[in-house]
Every structure is written in structure tokens, then in C-alpha cells.
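Below: one structure, written as C-alpha cells.
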2 protein chains.
Amino acid sequence: MATINDVAKRAKVSVVTVSRLLNHPEVVNAKSATKIHKAMEELHFQPSQIARSLVKRRTNTLGVIMPDVKNPFFNKWFRSLEEHATVHKFSLLLCNTDDNAEEEMHYVKLMQAQRVDGVVIVPYSKKSVEYLIGSGQKFVLVDRIYRDLKVNFVTTDHFQGGYQATQYLIKLGHTRIGILRGAGYIFPDVERYAGFEKAMKENGILIDQELIINCDLDEAKAYERTKEVLSRRKKPTAVFSFNGLMSSGFIQAVQEMGLSIPQDVSLLSFDEIQGYGIFRPRVTHINQPIRSLGEFAIDMIANIIQNKNSTRQGIFLKPELVLGDSCRRI
Amino acid sequence: MATINDVAKRAKVSVVTVSRLLNHPEVVNAKSATKIHKAMEELHFQPSQIARSLVKRRTNTLGVIMPDVKNPFFNKWFRSLEEHATVHKFSLLLCNTDDNAEEEMHYVKLMQAQRVDGVVIVPYSKKSVEYLIGSGQKFVLVDRIYRDLKVNFVTTDHFQGGYQATQYLIKLGHTRIGILRGAGYIFPDVERYAGFEKAMKENGILIDQELIINCDLDEAKAYERTKEVLSRRKKPTAVFSFNGLMSSGFIQAVQEMGLSIPQDVSLLSFDEIQGYGIFRPRVTHINQPIRSLGEFAIDMIANIIQNKNSTRQGIFLKPELVLGDSCRRI
DNA sequence: TTGTATGCGTTATCAT
DNA sequence: ATGATAACGCATACAA
């Protein structure tokens, strides 16, 4: 691979002149510039970001650590990140943790070793975040935050989303509302449930703990648990599923049981389901401002890296209820 | 950020000893090792891959250039890449081109500048590939190849897939088969169509050019063109859509027209549609060996990088027909 | 406008 | 078993 040195020799100038053409083109003589450009083309030269990074102490690379790009929510988000990263000339190293704490810690350390300028992380384990803090790494938390950690973050107002969704179901007359949720470990799960609780309490409706199902945010588990719950005598009239995957599991179970949505049971999903465009009835869901979640994350990390604003920032974005036909009035 | 130097000072040894502990731990004294490990922990030290890369001329990073992670086919494939990359200690830089030639060229050059050890690319433009060749970059082509370019690649046997799908439809009695395809620009599109042609010819069925629709592999276009085609007097009895996105567009159009699959028109899709698990009828489709496409790509590039086998390699993987209920016998 | 010398953080080579 | 020195490819301060 050609280096600045090869270019210099071929163009018969010193390396410094080549370097200058790269960084301060206005200050180099037109003739030299032409010669150098010619040499660069002939050699297919591209300046080594590696060497450059070493001296500038900037890699122009961001580490993105998240659960899984296969998840539609996260791949849309990633594309939004990429789009805005380009504006700031950042390349993106993508790491999928599958919500595995060890994988995550591994990646956090790897990003540090790669000397990325910053990390954008949707954390699973608090330890990873604490390591980031301890190592002095610049980072922003997205979606999953820790109230007691003073760090920069962008997230959806999951509490509001849970509240909003529940209010909607209650207004339609539902009182026996089933919840397909996670294990109460990550922030969004906890908050959505708290929002649900608040709405129920405000309306004087007692929560039947039998209807609160921990599915680990997993499709297969949601499928199984749904079959079980809908076989009971006292079924829920509506189900509020905490993510798109679980909604899919729910739908499959309902279909196999020969039931239909919303005649037999209503469905409200947090996040759009996969295949939203073709599945009928259209699934009513809480939509997160995915693009903003990406934009803010990039802007924040870019600011932190440039040390522009040293004030810590935490942003909550409002979710939105998208009406479909999967919830009926009773 | 702590350097090997800081560690050396704190542990009261020379940098070389620290470096050695990192690379040849067996050769350093146990006491020194302990001191150094302690210092490293206290400083949250991680060796700079940047500096390391500079001297080793290896970044342990691969560039992945592809159309779009939002596409289910590609995000599954990316995860497979990541999984196997981990085995070879590679990090992955992800670049989405949206099948834009300029973006692609930009990324190809960027990867070169980043001095990635290799590039795994699903190319859109031949120019990008030619640049890769010219620059001496190590790379493998995935999915989209160029017959006249002597390069390493892994792809599905798209011809076989197109042939297989068509044969199946013909066996069910279909002769008026509509095709939702791309512009005939990329390899898979061309091959799938050629496979279709062969099957039609073998069965002595004339191809009605009116039913061959260029939708640019795009969902919205497939939607529009479907509405148009299904409004004609002479409708197709079956439609073979060349990717999952177009299949979704097709399905939406069919639904809005009050028609049903497969009663009014059969559907066979290349690649699984988004929401396959919940959409009924299950869509019959041609499945590509996504995981193998990822494994082979990584193994090939890893081999090339290690210069193990200098012989050029091109692999065609067999697709598979997955039966659903979207095609009826007529 | 151009060139010389130095350093970024690490590893390899040679010594000790 | 450990250390001194040079080199990787580039950018910057300083000099010319």
C-alpha cells in the first residue's frame, strides 16, 4: 500500500509538502499540487487514517454497541446514526451484544483499544457503563439509562408511552389488560410498566398479577405464554406487548388458537411489528422517534468529543400512539 | 488515555517489558507481571490498536460494504459475518450504500484509508470493484458478482433459484406468470430472470413481455405496478417477485384491491418477506443460505489476508424452495 | 513555498 | 529476564 513517502518520491517533493497538500492545500504551489495529485492517483494513494490517528489522537470513528441489528427498531436507528455520523466524518464500528453482559464488556474494552473517539451504547449491563466512566471514555447512553448515573443520554419517555397506551385501552373499555413484558431489568421495561401502573391506578382499576407476564422480551416466550394465558377461564380482553418481537409471538399464538384480533382479544404493541405494512388488522402501537434518537445521539457525542458543552445532557423524547385496527371497544 | 508508557512508569519497568507482557507473557518474570497487571488495571489501560496497527500493518478490522442493514436479508447476513469475524478477531466497520454508486466509491476509499485488512462487499457498481482491484485491497464479493472479473466471491446460485421457482409454478399449472424484477443491472436480478426464462422455454411456454415488470427491486414501485397489472384484462395467475420488499408491495396492492392470495393470484417470493412468521397465507419463497454466505465470506477474506491459499475462489451456494400456502394449483 | 526534525504508542531487533 | 533504539506513516513546529 502506497504511503505519503512513495507519493513524495514520485512527485519529487518532500513528504511534508504532500502532507500539506492533504491538510492545507491552499498553501502549496499549484505546480507541486498537480504533480502530487498525479502521483497520488497513479499510486491509488489514500492517507493512512491509522498514522493520522496516532498523531492527531483522533480516529474519526465511533463505536456503536447495541443489542441486535436484526431488530427492526435498532436497524432503523443504526441507519439514522450512520446518516448523521457522516456529517461529522465519523465511521461506525458496529457491535451486537445480544444483551449478553460479557459480550458487551468485551466490546466496550475493544472500542477503547480501538481508540474510538466516542461510544454510542444501548447498554444491557450497568457494569459496562461503569467501566466506560472509569476509563474516561466519551460516550452517550441511548434508550436504556440509569437514573443514578450522571451521564449523557437520549431516550424515549417510556413511562409516558406505557401510560398513554394503557389510557387508550382503558378508554376503549378494557380493564382486564394483559402485559407481555421483560424481566424488569432494563429501563424501558421498568418505565413502561410504571406508566401502565399509573394509568390503571388513576382509573381505579386493580391490576391482576396473573396477567403480568415476563417473557424476557422474547418472541418464542411470548408465543408460549400467550397460549397459556389465552387458555385460561379469565382471559384478558386486551394485551399490551412491550416490544415488536413479543407482539409477533402473541399474534402467532392467537392465530394458531383460532382466535382473532381484535374480536377475541385486542393488541397494542410498543414499537411497530415486523411486517406492519402487510399484516391485518394494522397493529396499534407506540412509535418511538427513532430518527431523533439517532440524531441526538450523534450530536451529543460529537459535542462531547469537541468539548463544546461540558454540561451533562439528558434528553427524553416523546413517543406517539399510532392507531391501527387491533384494539376494539368493549 | 493511559499508554504503555504510563503503565511502565507506574510499574517501574521499561515499556518493552510491558509490551512483552502483552505479546509474549510467558517470557516475563512473574513479579514484574504482577506489578504490571496491577498498574494496567489502575489505569484502565487498553493497548492502542492504532499504534499497534501502525507497526504491524494489520488493523484486525474488516470493512463491510452493503446496500442496507434495514433489509432483513442483509441484517441476518451481517450478524452471521460478525459471529465469524469474532473467531478471527476482526472488528467490523459497517457501511450502507443504499445502492448508490457514489456512496459506494466513497466508502471503498474510506476503507482503504482506514487500512482495513480486508473488505467484504455486496457491490452495486462495477467501478467500486475495479477500484478495489487497482488499489491492491484484499476483498471478497458477496451476492453480486461480475463474471468477467477474476475475483474471489460467494454468492447464491440465483439462476438455479429462478429456475426452481418457475418450475414449481409451472407444475402447479401456471403459464401466465408475472415477474416483479429489478432493472437487470445487478447479477442476482439477471440470473434469476435467466433461470425463469430457461424454465419457461423448457416447458414450451411463451413469455408475455407485458408481465415482466421492472420495479427497481423497490417496494413502492412494486405496489404501484401491481395495481396496474392486476387491473388488466389478461392478469397473471401467479407472480414471482424477485425480493422480499417487492413481495410486500405486491401484497399490499392485492389487499387493497380486495383480492386474495392465492385464490385470485399466487405469489412466490425470492427471499423471505418481512413478517413472514405472522402473515397468512405463508408466503412460498426461495431461501438463500444466509449464514453460509456470511461464513464463507469471512473464511475467504481471512484466508486471503493470511495469504494461505493464493488460488482464486468462487463459491455458488444452492438456494432452497420453502413451501408456504401462497401458490395454488390451477 | 518548501524542507528538517520530532513525536504519536507500539513492536521488533539487538544488546545486556 | 529486561532494556535501549529504531521504525511504522503521518502532522506539526520551526527553520530556510
Side-chain angles (χ1 to χ4, degrees), chain A residues 1-37 39-40 43-61 89 109-117 135-136, chain B residues 1-37 39-40 43-61 89 109-117 135-136:
Chain A
M1 186 131 310
T3 75
I4 207 177
N5 230 298
D6 305 321
V7 175
K9 275 181 198 153
R10 180 175 276 251
K12 294 180 178 154
V13 294
S14 80
V15 285
V16 191
T17 308
V18 179
S19 173
R20 250 190 298 255
L21 181 61
L22 257 19
N23 300 285
H24 313 280
E26 66 284 356
V27 81
V28 21
N29 178 301
K31 279 188 182 171
S32 306
T34 315
K35 282 192 301 181
I36 298 172
H37 275 133
M40 294 204 296
L43 295 170
H44 293 274
F45 171 80
Q46 286 290 327
S48 164
Q49 294 298 335
I50 297 301
R52 206 172 245 185
S53 295
L54 190 59
V55 10
K56 302 261 256 181
R57 273 100 159 252
R58 285 269 262 121
T59 52
N60 293 313
T61 300
K89 308 280 184 195
K109 290 181 177 171
L110 183 59
M111 291 305 99
Q112 185 191 345
Q114 298 278 24
R115 294 296 189 268
V116 294
D117 296 333
S135 70
Chain B
M1 186 130 311
T3 75
I4 209 176
N5 230 299
D6 303 321
V7 175
K9 275 181 197 153
R10 180 177 276 251
K12 292 178 180 156
V13 294
S14 80
V15 286
V16 189
T17 308
V18 179
S19 174
R20 251 190 297 254
L21 182 61
L22 257 20
N23 301 286
H24 313 281
E26 66 284 357
V27 82
V28 22
N29 178 302
K31 280 189 182 171
S32 307
T34 315
K35 283 192 300 180
I36 297 172
H37 275 133
M40 295 203 297
L43 295 170
H44 294 273
F45 171 79
Q46 286 289 328
S48 165
Q49 295 298 336
I50 297 301
R52 207 172 243 185
S53 295
L54 190 59
V55 12
K56 304 260 251 183
R57 274 98 162 266
R58 284 270 261 123
T59 52
N60 292 313
T61 300
K89 308 280 185 195
K109 290 181 177 170
L110 184 59
M111 291 306 99
Q112 186 192 345
Q114 297 279 23
R115 295 296 189 269
V116 294
D117 296 333
S135 70

Nearest-Å distance, CG (B:L21) to P (D:dA1)?
13 Å
Does a side-chain N or O of B:S19 approach OP1 or OP2 of C:dT11 to a distance below 4.0 Å, or not?
yes
Side chain of B:S135, backbone of A:H44: donor and acceptor closer than 3.5 Å?
no
Selected nucleotide, minimal atom distance to A:S14 side chain, candidates D:dA11, D:dA4, C:dG3:
C:dG3
To the nearest angstrom, the CG-P distance between A:N5 and D:dA11 comes to 12 Å
Go through C:dT2, D:dA11, C:dT10 for me and flag the one nearest to the A:T17 side chain.
C:dT2
Would you kindly give the CE-to-P distance between A:M1 and D:dC10, to the nearest whole Å?
11 Å
Taking NZ from B:K12 and C1' from D:dA1, how many angstroms apart are they, rounded to a whole number?
19 Å
Just call it for A:T3: base, sugar-phosphate, or nothing, with non-hydrogen atoms closer than 4.0 Å on any strand.
sugar-phosphate
Whole-Å distance, B:L54 CG to C:dT11 P, equals 12 Å
Let me know the distance between CG of B:D6 and P of C:dC8, rounded to the nearest Å.
11 Å
CD1 (B:I50) and CD (A:Q114) are apart, to the nearest 0.5 Å, by 6.5 Å
Please figure out whether B:R20 or B:I50 has its closest DNA chain C nucleotide nearer the 5' end.
B:I50
Closest nucleotide among D:dA11, D:dC10, C:dT11 to the A:N23 side chain
D:dA11
When you measure from the side chain of A:H37 to the backbone of A:A33, do you find a donor-acceptor pair of N or O atoms at a distance under 3.5 Å?
yes
For the side chain of B:R57 and the base of D:dG9, is some donor closer than 3.5 Å to an acceptor across the two?
no
Hey, does the side chain of A:R57 reach the backbone of A:L54 with a donor-acceptor pair shorter than 3.5 angstrom?
no
Without swapping roles, check the side chain of B:S53 against the backbone of B:Q49 for a donor-acceptor pair under 3.5 Å.
yes
How many Å lie between CD1 on B:I4 and P on C:dG9, as a whole number?
11 Å
Between C:dT11 and B:H24, is there an OP1 or OP2 to side-chain N/O distance shorter than 4.0 Å?
no
When the nearest nucleotide of DNA chain D is assigned to B:V16 and to A:V16 on a heavy-atom basis, which residue is associated with the more 5' position?
B:V16
What integer distance in Å separates A:K9:NZ from C:dG3:C1'?
16 Å
OP1, OP2 of C:dT2 versus side-chain N and O of A:S32: anything below 4.0 Å?
yes
5'-most by nearest nucleotide on DNA chain D - B:V28 or B:K56
B:V28
Quick one: does B:R115 reach the base of D:dG9 with a side-chain donor-acceptor pair under 3.5 Å?
no
